[in-house]
Amino acid sequence: GWEPISDAEIRIMVERAGDTFTILERGALGSEIKDHDVEDIVQLVLSYTTEFVQDVVYDLLVTYSNVDPARIPLSDWDAMAAEIVTLYTAHIAEPTPVSDLIGEISEQAGVTFFHEVESDEIRLSPLRARGSVATVDDDGWILDGSPLSTKRQDAKRVSEVWVYYGLRDATGDLDDPKNYHARVIVTDPEAESLYGTSAIRQVFSRWIPQFGREQAIETGERLLTMFAAPPLEAEFSIYVSRAEELALADFFDLETAEVQDDTGAVLPTTCAVVEFERGESEIRVKAQGVSFFTPSTTTERVIFIPDTFNLNLRSVHDSIYAPPVGGSNGEIVRFVLDPAAVVGS
């Protein structure tokens, strides 16, 4: 495996047999070639190479969080994430909380994972537009006399998303812009002018590789679509009889007199259930408004080529996308050479 040794600039590839390390390569993963000293600190590196998001999270939970595999319906995860054909790669060189790693890759892949209490299973839900399961209104849903609170979450508003990708040094600072090969900026001028000030969100991705510009753009566009306007947060109680009609991570339409448009009419708002608390006489629900970015429906796979040498186009494709299915005239891989790029051998 790869080992960062003491100084963050030094990395070697080694074989290990018991307490004996045999050095196979210095300057591994593009690091600077240097000698190491006696008694330097060695840390095993956890590497995921060209993996689907659900497979990465499954391994993190089962291998590093002691979660019983029986609690993870992996076949259901695969079905829910079937439309996500991009692959993710990361080298984790320092001990990092599993929750942080899952949070990072979930944000960048556009999925969420949650514990379903009834089944005691961990579920996956893609952040993609799909039908609402119900219309929650003041008449037949929200409990008479129960408090209903709504507020706009101004702190979550975004007018620009900066996505840094193509991590240079896995042992370096993840929050250092200079530690990345590239950055994309996705903006919404209307959102900025509407609120009179910019709101920038930065994403530092260890998971999106150097050639993953399309992945970075999609991450930025998804976050901008979801948070260009401050999302609504609503808390209310519903009748126990509705218990089977709404569940955690479900999308529903909220229609209440508390949420109105400029004319004073009820403004239907699509929401996702983020908390679901069952009681004897009522069910407490906390929800957040959601807006969905719709990815392109084309089967074309676009890969941008920056400055690079010794390039193998098939290897680049396979580092980003699942293997092509084949047999379809519409399945095209398009490589786009940056106008300023120098490509050689």
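Since this is a predicted model, take the numbers as computed values, not measurements. All values below come from the heavy atoms of this structure, side chains included, with hydrogens, waters and symmetry mates left out.
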Open item on the list: I'd like to know if R334 and E214 make a salt bridge, using a cut-off of under 4.0 Å between side-chain N and carboxylate O.
Closed with: no
TODO: Mark yes when over 12 heavy atoms from residues, nucleotides or ligands other than E118 sit less than 6.0 Å from its CD; otherwise mark no.
DONE: yes
- [ ] Decide yes or no for T112 and S106: does some side-chain heavy atom of the first lie under 4.5 Å from some side-chain heavy atom of the second?
- [x] no
TODO: Examine L124 and I105 and state if one hydrophobic cluster contains both, with Ile, Leu, Val, Met, Phe, Trp and Tyr joined whenever side-chain heavy atoms are less than 4.5 Å apart.
DONE: yes
TODO: Give a yes or no on this: more than 12 heavy atoms of other residues, nucleotides or ligands lie within 6.0 Å of atom CD of E277.
DONE: no
- [ ] State plainly whether one hydrophobic cluster holds both Y321 and I217, where clusters connect Ile, Leu, Val, Met, Phe, Trp and Tyr through side-chain heavy atoms under 4.5 angstrom apart.
- [x] no
- [ ] Fit a plane to each ring of Y164 and F204, take the angle between them on a 0 to 90° scale, and name the class: parallel (under 30°), tilted (30 to 60°) or perpendicular (over 60°).
- [x] parallel
Open item on the list: As a quick check of understanding, evaluate side-chain hydrogen bond (donor to acceptor under 3.5 Å, both in side chains) for D138 and T256, giving each step before the final call.
Closed with: CA-CA 6 Å; D138 293 323; T256 174; 2.9 Å; yes
Open item on the list: For F276 together with F114, are the ring centres under 6.0 Å from each other?
Closed with: no
Open item on the list: Same cluster or not: Y180 versus V203, using hydrophobic residues (I, L, V, M, F, W, Y) connected whenever any side-chain heavy atoms lie under 4.5 Å apart?
Closed with: no
Using a 3.5 Å cut-off and no angle test, enumerate the donor-acceptor pairs between side-chain atoms of residues 338-345 and protein atoms at least two apart in sequence or in another chain.
{"from": "D338", "atom 1": "OD1", "to": "A340", "atom 2": "N", "distance (Å)": "2.9"}
{"from": "S345", "atom 1": "OG", "to": "N310", "atom 2": "OD1", "distance (Å)": "3.3"}

Kindly list each side-chain donor-acceptor pair under 3.5 angstrom involving residues 224-239, sequence neighbours excluded, with atom names and distances?
{"from": "T225", "atom 1": "OG1", "to": "E221", "atom 2": "O", "distance (Å)": "2.8"}
{"from": "S237", "atom 1": "OG", "to": "E282", "atom 2": "OE2", "distance (Å)": "3.3"}
{"from": "S237", "atom 1": "OG", "to": "R284", "atom 2": "NH1", "distance (Å)": "3.0"}
{"from": "Y239", "atom 1": "OH", "to": "D144", "atom 2": "N", "distance (Å)": "3.4"}
{"from": "Y239", "atom 1": "OH", "to": "D144", "atom 2": "OD2", "distance (Å)": "3.3"}

